Amino acid sequence: MRVTDLGHSYPGLPQPVLHDVSFTAADGEVLTIVGPSGTGKSTLLRCLAGLLRPGHGEVCVLGKPVDGVPDGLSMVFQDYSRSLFPWMRVGRNVEFPLRAAGVPAAERRERTAESLAAVGLGDARRKYPWQLSGGMQQRVAIARALACRPRILLMDEPFASVDAQTRADLEDLTLSVRDRFGMTILVVTHDIDESVYLSDRVIVLSRPPATVAEQVTVDLPAPRDQITTRSDPRFVHLRADVAAHIRGDAAS
Amino acid sequence: MRVTDLGHSYPGLPQPVLHDVSFTAADGEVLTIVGPSGTGKSTLLRCLAGLLRPGHGEVCVLGKPVDGVPDGLSMVFQDYSRSLFPWMRVGRNVEFPLRAAGVPAAERRERTAESLAAVGLGDARRKYPWQLSGGMQQRVAIARALACRPRILLMDEPFASVDAQTRADLEDLTLSVRDRFGMTILVVTHDIDESVYLSDRVIVLSRPPATVAEQVTVDLPAPRDQITTRSDPRFVHLRADVAAHIRGDAAS
Amino acid sequence: MSLDVLPRRAAARRGHRPALSTFVLGLSGLVLLAAAEEVVSRSGLVSTQYLPPASVILARLGELLTNAPFLADLGATAGSAVLGLVIAVPVGLVVGLVLGLVPAAHTATRIVVDLLRPVPAVAIVPLLVLVTGTGRASVVITIVSATVWPVLLNTIHGVRDVDGVALQTARLYGARLPRRLAEIVLPSAAPVIAAGVRVSIGLALVIAVAAELLIGTDSGVGAYLLAATQGGSHTDYAFAAVCAAGLLGLVVNWAARALERRFLPWSEGEPR
Amino acid sequence: TTDTTAAPGSGSGSGPATGGAAVVVDAPATTSSSAVYLGARNGEFAKAGVTVQAHNHTSSDSPLVGLLGNAYPIVWDNAADYLLAVQKKLAVTVVGLSDLGRPGQLEVLAKADSPIRSVRDLPGHSVAIPGTTSSCALTIPAQLRAAGLDPKSVKLVPVALPDEGSALQRGIVDTVCAPEPFLSTIRKTVSTRSVSDQFTGPLTDTLVGVYVTTTSYAQQHPDVIASFRKALAAENAALNADPDALRKAVPTFTRVDPSLAAGMKLPGFATNVTDTAPLQKLAELMQQAGMLTSTALPADVMAADR
Amino acid sequence: MSAVISPAPVSVRPLRTAAVVAGRFVLRFGLLAVLCWVWQRATEAAANPYFPTPLQILDRMRTLWFDGPASHLWTSAPLWTDVAPSLVRMLIGWLGGSLLGAAIGVSAGAFPTVRRMVDPAAQFLRALPTPAILPVFLIVFGANDVMRVLVIAFGCTWPVLLNAMQATGAIDPVARDTARTLRLGPRRRLVQVDLCYATPAILAGMRVGLALALVLMVLSEWVVATSGLGFFLVDSQRHFEFAGMWAAMVALGVLGYVFNTVFTALERRALRWHRHSRARHD
Ligand SMILES: Nc1ncnc2c1ncn2[C@@H]1O[C@H](COP(=O)(O)OP(=O)(O)OP(=O)(O)O)[C@@H](O)[C@H]1O
Ligand SMILES: Nc1ncnc2c1ncn2[C@@H]1O[C@H](COP(=O)(O)OP(=O)(O)OP(=O)(O)O)[C@@H](O)[C@H]1O
Ligand SMILES: [Mg+2]
Ligand SMILES: [Mg+2]
């Protein structure tokens with residue numbers, strides 16, 4: 001995936017939201033995007049997903065310029081509760097994209113059950129989304145994205161509403177699906193620790209008009225582990241580094 | 001505020017969501033509630049706000065049993081985007097409770113401006129909620145709750161969608177409004193550090209059926225500060241304590 | 001004030017969907033309709049005397065639209081329709097609000113409402129003539145009795161459909177009923193109510209002409225139609241008059257939509 | 001066509017308002033009600049002491065509705081319609097007889113290529129009639145009976161008069177029964193043949209229309225009734241006397257084209273406007289057609305005057 | 001399954017006592033009873049042949065339609081030969097019109113281009129006076145059931161179309177974006193997302209259409225008809241059979257009530273998700 005000189009303005013805003021954002025993501029890479037609230041992270045993700053035609057610049061996914069939603073891309077929305085369909089049970093919500101893709105019934109069932117179990121909702125299959133708590137809904141949205149086994153996965157603050165323990169589990173899940181399916185994953189997060197723990201590279205966006213303020217390469221060893229990785233001195237150093245970039249920018 | 005033996009079941013669930021939850025909150029106290037995702041924190045808050053009639057037990061707010069929404073209570077919903085009115089500009093959304101309370105126009109304007117500025121949205125007054133990013137919407141919801149200067153403030157994961165820096169600012173804002181207006185504040189959060197930093201007492205809810213697994217009193221000195229408080233050895237200790245209670249329970 | 005986003009948003013929308021192409025597309029739909037009619041008319045099913053082709057109707061329509069007496073008739077029909085709506089819409093709105101908000105009121109009136117609703121407005125015309133005579137009043141009452149329902153039902157639907165979280169928020173912030181109504185329930189239900197009103201607008205014109213036909217009023221498109229068919233063969237003019245009523249509906253609806261866009265900018269959803 | 005684009009209704013009533021409130025008579029602007037339209041214009045009614053203004057009845061509803069709703073004191077009504085109302089005990093009474101059926105005025109038409117040539121061919125086929133109480137609904141069964149056929153063997157289908165032509169051409173009905181001027185219009189557009197002339201033989205001079213008022217109005221205004229009758233009788237006689245003048249006048253108060261009116265078959269007009277015999281004869285026809293249960297006319301069928 | 005989603009508030013309520021049941025009964029039927037009583041009194045007092053008393057109307061209804069032998073459940077032949085076919089036509093027309101309205105409305109709401117093209121034509125057609133265009137239906141389709149069904153469908157389309165267009169146009173943008181990222185084909189997106197989203201509004205439009213369908217059924221039987229409830233209504237009126245005319249009107253009311261009740265029950269089932277997801281925790 002390659003993003004070149006991406007720019008976007010919403011009508012009525014005095015200045016553009018995104019301004020010359022450029023970066024690339026290699027296959028199988030996990031990137032995290034951090035930046036102040038309201039800077040344009042969700043806007044960026046929507047451009048990448050082909051939901052929003054950027055005012056300027058280009059996004060190439062799997063070698064092709066994005067025009068409409070590219071094949072093999074899934075997204076977890078920040079507004080998860082509105083992205084679940086209230087008339088479908090949880091199981092059907094998760095299964096839905098698989099049906100659309102023509103996955104046979106048996107495999108569909110299996111993948112649905114598997115990904116629901118992976119997010120800790122093995123027994124919520126027959127409930128409706130509105131019968132779930134906020135965090136559970138968010139996990140359903142993640143399960144749905146995972147069940148499609150996309151080649152590119154975009155997640156917008158996907159673990160914001162879950163408790164610390166579940167969050168850690170989901171982080172590890174993210175890394176494991178990357179390893180298993182070789183997905184390219186982009187995660188927007190506000191948690192600096194998380195951004196370092198999850199990613200191969202952290203992209204720091206500046207205040208609006210957002211540009212890539214810094215790209216911090218995370219060279220932590222591969223099988224990451226909540227305890228050992230986080231206590232690695234390099235982790236602590238990287239974390240401080242990212243925080244400084246965010247803050248430093250905030251100060252400027 | 002006193003909560004006695006609160007219990008609630010949703011129809012169709014095999015077991016109750018809340019089971020004999022009891023605690024009290026003194027005037028001017030800040031309580032945080034932590035617990036696993038889907039355990040019943042939002043349900044508890046809805047019972048406290050009088051939006052949900054609990055199946056069992058009683059809630060007393062300001063000495064009176066709750067029956068309907070008590071006076072002088074504000075709440076920030078977990079589902080903030082649905083709780084903002086899309087047909088009103090941000091300013092009007094924030095002003096709404098003040099109009100309802102019959103606050104004179106001049107004061108209304110002033111308080112609206114003040115609380116929007118306090119959450120860092122001083123210039124978003126004339127926008128519509130759907131023109132804001134997720135984190136900005138969440139802050140509008142907080143600003144609205146603050147603008148009415150409630151005696152009791154309930155906040156359901158209020159800082160989930162904002163960046164670390166803003167989050168720290170909002171935490172300090174919370175503490176300062178408590179000091180300034182003597183509010184009683186209940187915050188649901190998933191961030192253990194935050195729960196310790198903010199509160200006088202952390203209430204740990206167990207897995208469902210949720211009861212109060214533990215109440216951890218936070219005896220950190222009063223004017224708290226992001227740097228000094230968080231590096232206080234007692235803080236580190238308390239944090240570990242709360243985490244252990246959540247995890248310990250999770251393991252059992 | 002420069003940040004006032006509404007006009008800009010409208011401008012953006014216009015920029016996105018140019019007015020010209022809207023006009024061209026809309027016109028193409030109408031042209032397609034006319035072409036279909038032309039084909040049917042010329043297919044030899046019946047003499048073009050009985051089903052004149054669109055080209056002829058259009059020519060007659062042009063004549064009628066510059067003919068003062070006919071315009072007066074068109075005005076009379078529009079006047080009755082507007083008068084009927086001016087009565088029916090507020091009634092439907094208020095009753096709909098009450099029934100939507102007060103379940104007991106809804107239960108108490110449901111049977112009566114459901115029994116009255118399907119009674120054809122046009123079937124009560126003779127009874128109306130007995131009571132209120134052959135004048136405009138009968139036409140207006142007929143219109144009211146037909147157009148009140150879409151507004152009423154859509155209001156009930158819209159009011160019940162207000163997002164629970166929004167309503168709870170308002171309750172939580174101590175908004176009393178009148179304020180909740182004015183600031184939460186109505187704005188949120190407004191797009192749905194507006195859709196009901198637009199159904200009623202079309203219906204009002206339909207019923208106005210139908211009632212004029214049945215009552216045999218002295219003015220209005222219905223009276224014109226009766227006159228045109230009474231002496232024998234002026235079907236082309238009759239069809240042109242019918243089309244004029246259709247055009248009137250088009251114009252009124254366009255105006256209603258413009259008003260809606262102006263006052264209920266959120267009714268077409270948040271922009272993407 | 002120019003007259004069509006003029007405001008309808010405007011040409012309908014035109015009595016000189018010679019003092020006193022006008023009696024508005026609701027009557028369709030057809031030859032049937034010529035007496036009112038022309039009498040109001042030429043002062044015949046004024047001469048008899050009543051100011052009459054004609055109002056064009058265009059509704060497909062019975063004029064009796066407007067009468068009973070007090071919209072008009074006197075209306076022209078189809079005589080069969082009136083007798084039905086009387087049988088249902090509606091408080092209406094006759095002011096005077098209007099017109100009588102004459103040959104060529106009401107015919108049954110079939111398409112020129114249709115196998116139906118005469119009444120004898122009708123059984124098994126359908127006839128469009130303007131209404132279930134129209135003259136067609138009476139005369140067709142009567143003719144069938146006269147020909148020794150079963151009246152029930154023909155299906156009478158109500159079709160609005162302006163639609164009869166298209167219904168015939170489109171094959172929705174096999175034949176149509178229509179009065180002038182619709183007869184001429186249909187003949188102009190569809191190539192047709194006449195199957196039967198309705199008001200011939202024993203059916204000549206069948207009563208078609210009557211002027212009706214409510215019993216209460218008749219009781220309260222016997223003088224109006226008397227004057228109206230007097231003028232009506234005079235006007236009817238004048239109409240009978242000079243058919244060509246009437247043909248000329250028809251386009252002035254109806255929507256009929258002058259060219260059409262010139263060759264139009266005209267009805268007869270009752271000169272003895274209080275004669276009950278035509279009513280009695282009609283009642284018998286109606287009973288045979290199953291529309292009435294008894295032929296007995298009520299004692300007060302004719303409004304009393306003075 | 002039913003355990004999971006049984007309607008929330010009801011089951012929590014205490015057992016209904018007889019008094020509560022009686023109270024609800026009075027609430028439900030009280031107004032009707034009072035109005036019927038007033039109607040009876042008023043018509044008795046007026047003694048106008050155009051306004052027979054409710055009891056006379058009931059009696060007429062009985063002799064008309066419920067005069068048959070017990071073996072036919074007391075129904076008489078006209079009920080089956082006159083009324084039933086009318087109703088079948090009405091239901092088919094209503095369903096067809098609603099389907100058409102939903103299809104066009106949802107497509108137009110989802111694709112602005114379709115909307116801009118269809119809208120003026122739809123608004124134009126919608127305002128054409130039904131009685132005046134009946135002859136066109138007659139000419140084009142003949143005087144048969146198809147024509148009558150089409151007339152009904154034509155009228156029922158508009159409320160559904162407008163409601164569907166409004167609702168689909170106002171679909172939650174997050175939901176629509178979700179549908180797009182799920183890479184649903186246009187058909188699946190239209191049917192399984194947009195349509196579902198608009199269902200509550202569509203059903204509200206269908207409810208308006210239901211009553212309209214009865215009206216149009218009557219109208220359609222005013223042209224070139226010799227049977228049917230609508231024909232019976234005008235024919236009674238023409239023959240000054242006022243009790244019969246009123247019987248037909250009351251029958252229409254009762255039928256509308258019955259249809260509406262059945263429809264409401266179905267709607268409640270179909271829209272359970274909607275009520276819960278909107279009203280969340282009340
Ligand atoms: N539809 C819109 N119309 C106008 N402005 C918009 C719209 N959507 C977003 N914006 C503006 O664009 C900016 C970036 O929004 P975006 O949602 O991308 O932020 P974000 O980085 O995701 O923030 P957060 O972390 O709070 O979710 C914000 O200032 C917002 O006000
Ligand atoms: N309307 C409802 N109907 C049925 N069950 C519900 C409903 N609302 C919530 N629940 C159930 O109640 C439990 C508690 O929900 P609640 O929203 O209170 O959790 P929470 O502690 O706030 O979780 P989170 O941290 O994820 O927001 C969940 O298991 C959920 O499935
Ligand atoms: Mg965002
Ligand atoms: Mg919650």
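These figures come from a predicted structure and were not determined experimentally.
Between C:Pro120 and E:Leu219, every side-chain heavy-atom pair lies at or beyond the 4.5 Å cut-off. Within the 4.5 Å cutoff, no side-chain heavy atoms of E:Val136 are placed close to those of C:Glu37. Inter-residue side-chain proximity for E:Trp222 and C:Leu214 is flagged as met; some heavy-atom pair is nearer than 4.5 Å. The shortest distance between side-chain heavy atoms of C:Val242 and E:Pro129 falls below 4.5 Å. No side-chain heavy atom of C:Trp149 sits less than 4.5 Å from a side-chain heavy atom of E:Val208.
The parts of E:Leu27 that come within reach of chain C are both its backbone and its side chain, each placing non-hydrogen atoms under 4.5 angstrom from that chain. For E:Met165, the part sitting under 4.5 Å from any heavy atom of chain C is the side chain, from C-beta outward, and nothing else. Both the backbone and the side chain of E:Val140 come within less than 4.5 Å of a heavy atom in chain C. Only the side chain of C:Val40 comes within contact range of chain E, with heavy atoms under 4.5 Å apart. In this structure, chain C has no heavy atom under 4.5 Å from any part of E:Leu255. In this structure, no portion of C:Val125 lies under 4.5 Å from any heavy atom of chain E. Using a 4.5 Å cut-off between heavy atoms, C:Ile111 contacts chain E through both its backbone and its side chain. E:Leu210 does not touch chain C: none of its heavy atoms, backbone or side chain, sits under 4.5 Å away. Contacts of E:Leu216 with chain C are absent, with no heavy-atom separation under 4.5 Å from either backbone or side chain. Heavy atoms closer than 4.5 Å to chain E are found in both the backbone and the side chain of C:Thr109.
Ranked by heavy-atom pairs under 4.5 Å with chain C, the list E:Arg28, E:Met245, E:Met217 is led by E:Arg28. Contact count against chain E (heavy-atom pairs under 4.5 Å) is highest for C:Pro126 among C:Pro126, C:Ala208, C:Gly249. The candidate from C:Leu250, C:Ile124, C:Leu213, C:Ile201 with the greatest count of non-hydrogen atom pairs under 4.5 Å with chain E is C:Leu250. When each of E:Ile139, E:Asn48, E:Ile133 is checked for heavy-atom pairs under 4.5 Å with chain C, E:Ile139 comes out on top. Chain E forms the most heavy-atom pairs under 4.5 Å with one residue out of C:Val31, C:Leu130, C:Leu248, and that residue is C:Leu130. Taking chain E as the reference chain and counting heavy-atom pairs below 4.5 Å, the highest number among C:Val113, C:Ile156, C:Val209 is found for C:Val209. The greatest number of non-hydrogen atom pairs below 4.5 Å with chain E, out of C:Val251, C:Leu32, C:Thr107, is found for C:Thr107. When each of C:Ser200, C:Gly158, C:Ala108 is scored by its heavy-atom pairs under 4.5 Å with chain E, the top score falls to C:Ala108. When the candidates E:Val258, E:Leu162, E:Thr113, E:Thr261 are compared by the number of heavy-atom contacts under 4.5 Å with chain C, E:Leu162 comes out ahead. Annotation: maximal heavy-atom pairing with chain C below 4.5 Å, among E:Leu233, E:Leu35, E:Thr130, E:Asp119, occurs at E:Asp119.
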Start with the C-alpha gap between E:Trp158 and C:Val199, add the side-chain angles, then the distance that decides, and say whether side-chain contact (heavy atoms from CB on, under 4.5 Å) holds. CA-CA 7 Å; E:Trp158 312 119; C:Val199 172; 5.7 Å; no
Determine, step by step, whether E:His274 and C:Asp161 satisfy the side-chain contact (heavy atoms from CB on, under 4.5 Å) criterion, reporting the C-alpha distance in whole Å, the side-chain angles of both residues, the deciding distance to 0.1 Å, and the verdict. CA-CA 9 Å; E:His274 182 72; C:Asp161 207 32; 2.3 Å; yes
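Interatomic distance, E:Leu271 CG to C:Arg160 CZ, rounded to the nearest 0.5 Å: 12.0 Å. Atom-to-atom distance recorded for E:Arg116:CZ and C:Leu27:CG is 13.5 Å, nearest 0.5 angstrom. Atom CZ of C:Arg198 and atom CG of E:Leu161 lie 10.0 Å apart (nearest 0.5 Å). In this structure, CG in E:Leu214 is found 9.5 Å from CZ in C:Arg117, a value given to the nearest 0.5 Å.
Closest approach of C:Arg257 to E:Gln123, counting heavy atoms only: NH2-NE2, 3.8 Å. Of all heavy-atom pairs spanning E:Val215 and C:Pro118, the tightest one is CG2-O, 4.0 Å. The two residues E:Met249 and C:Leu127 come nearest to each other via the heavy atoms CE-CD1, 3.5 Å. The minimum heavy-atom distance between E:Ala127 and C:Leu205, with the atom names listed, is CB-CD1, 4.0 Å. Across all non-hydrogen atoms, the minimal contact from C:Gly246 to E:Leu128 is CA-CD2, 3.8 Å. Between C:Leu30 and E:Ala121, the shortest heavy-atom distance links the atoms CD2-CA, 3.6 Å.
Of all residues spanning residues 197-206 of chain E, those with a heavy atom less than 4.5 Å away from chain C's heavy atoms are E:Pro200, E:Ala201, E:Ala204, arranged by number.
Listed by chain and residue number, E:Trp246 satisfy the ring-ring contact (aromatic ring centres under 6.0 Å, His included) test with E:Phe51 (two or more places apart in sequence, or in another chain).
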